[in-house]
Amino acid sequence: MPELPEVETVKRGLEPVMQGFIFERVTLNRLNLRFPFGKNFISRIQGKTLTSLTRRGKFLKATLSSNDVLYMHLGMSGRFTIDNNPTAIYDSRNSTNPKHDHVIFEMNNGVRITYNDPRRFGFMELIAPGEPSRLDKMGPEPLDNMFNGPYLFNKLSGKKNTIKSALLDQSIISGLGNIYVCEAIFKAKISPKRLAGKVTIKETEILVNEIKAVIKKAIEAGGSSLKDFASVDGNLGYFQHSFDVYAQAKMPCKVCTTPIERIVQNGRSSFYCKACQK
DNA sequence: CCTTCTACCTGTCAGC
DNA sequence: TGCTGACAGGTAGAAG
């Protein structure tokens, strides 16, 4: 269930073993994940240096020495593991079914990176310089200064969908998923059922601050997981983190003890406190 | 254009 | 024990 903080953790884990190194061998164990790997996927990567690895929203973005960019999305269940890393500590909790090992990168430093994804909602795509990509329409990063009260208020004004739905829209803000949207609107005391266009400027300021706080805290938790386990796993951050409302149905609200409710919006679960969130 | 719905995919778990 | 159905949810594209 990787959202921005988990993808950031993965990025930090992969960077030291991939950035600046050459892809010696790329192996695909099937023709597609969610989408087909493009034609010449292997030949366009093999022999190239990964010059920089960054994150944008929930995407990993690997720039190659050819100037092609490899976009990688973990979908729901994607994870990377690092082998032949002398500092890696094997953790059986992270073991994966090898039948879902779909992509293997072998770098010229002797490190092998395996992408495993049981549900195959993830995808990898090579984009040539100047070619349009999915990231073009992506909204600002939550921690960027341009993501602020006035920006969000402006984006929400006039919108007829709910605040829950609007915050999941990656063109408004990138990187948020179901979990951190639930958590952030709880902190901001806004009901998931509120219409986006009805959120006041004052509430928007509070909401922006809570989104930044929730994301920052989760990145820090992911960072400490990475340090402890020296492995790359988008799920680690979640295990260390307990949520105020997400998946807490019927549990007492941490603020007022009212039982947390679960409702379904746009086919997704929302968890909230109907006493605290208006 | 805007919003909502559905497909995609498999592992897990509750209930019978 | 084994079956069935619900659920997890990010994204794209269709439908409304």
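A, B, ... follow the sequence lines: proteins, then strands. Residue 1 opens every chain. Keep in mind that what you see is a predicted model, and the values were worked out from it rather than measured.
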Any side-chain heavy-atom pair of [X] and [Y] under 4.5 Å:
{"X": "Ile219(A)", "Y": "Leu143(A)", "result": "yes"}
{"X": "Tyr272(A)", "Y": "Val245(A)", "result": "no"}
{"X": "Ile179(A)", "Y": "Glu3(A)", "result": "yes"}

Distance under 6.0 Å and angle within 45° of ring axis: Arg134(A) vs Phe35(A)
yes
Could you check how far [atom1] of [X] sits from [atom2] of [N], rounded to whole Å?
{"X": "Tyr71(A)", "N": "dG10(C)", "atom1": "OH", "atom2": "P", "answer": "21 Å"}
{"X": "Asp169(A)", "N": "dT4(B)", "atom1": "CG", "atom2": "C1'", "answer": "13 Å"}
{"X": "Asp117(A)", "N": "dG10(C)", "atom1": "CG", "atom2": "P", "answer": "14 Å"}
{"X": "Arg79(A)", "N": "dA8(C)", "atom1": "CZ", "atom2": "P", "answer": "19 Å"}
{"X": "Leu176(A)", "N": "dG10(C)", "atom1": "CG", "atom2": "P", "answer": "10 Å"}
{"X": "Lys193(A)", "N": "dT3(B)", "atom1": "NZ", "atom2": "P", "answer": "20 Å"}

dG10(C), OP1 or OP2 - any side-chain N/O from His73(A) closer than 4.0 Å?
no
Please determine if a side-chain N or O atom of Gln170(A) lies less than 4.0 Å away from the OP1 or OP2 oxygen of dT11(C).
yes
Please say whether more than 12 non-hydrogen atoms of neighbouring residues, nucleotides or ligands are located less than 6.0 Å from NZ in Lys193(A).
no
Got a second to check how far Gln277(A)'s CD is from Ile185(A)'s CD1, nearest 0.5 Å?
5.5 Å
From dG10(C), dA8(C), dA12(C), nucleotide with atom closest to Glu3(A) side chain
dG10(C)
Aromatic ring pairing Phe243(A)/Tyr180(A), orientation class (parallel under 30°, perpendicular over 60°, tilted between):
perpendicular
Between Phe105(A) and Phe80(A), how do the two ring planes meet: parallel, tilted or perpendicular, split at 30° and 60°?
parallel
For nucleotides 6-12 of chain B, read 5' to 3', which letter fits each nucleotide if B means a protein heavy atom sits under 4.0 Å from the base, S means only the sugar-phosphate is that close, and - means neither?
-BBBBS-
Quick one: which of Leu4(A), Ile211(A), Asp169(A) gives a side-chain contact (heavy atoms from CB on, under 4.5 Å) with Leu176(A)?
Ile211(A)
So, with a heavy-atom separation below 4.0 Å from DNA chain B, the residues of residues 149-165 of chain A are Lys159(A), Lys160(A), Asn161(A)
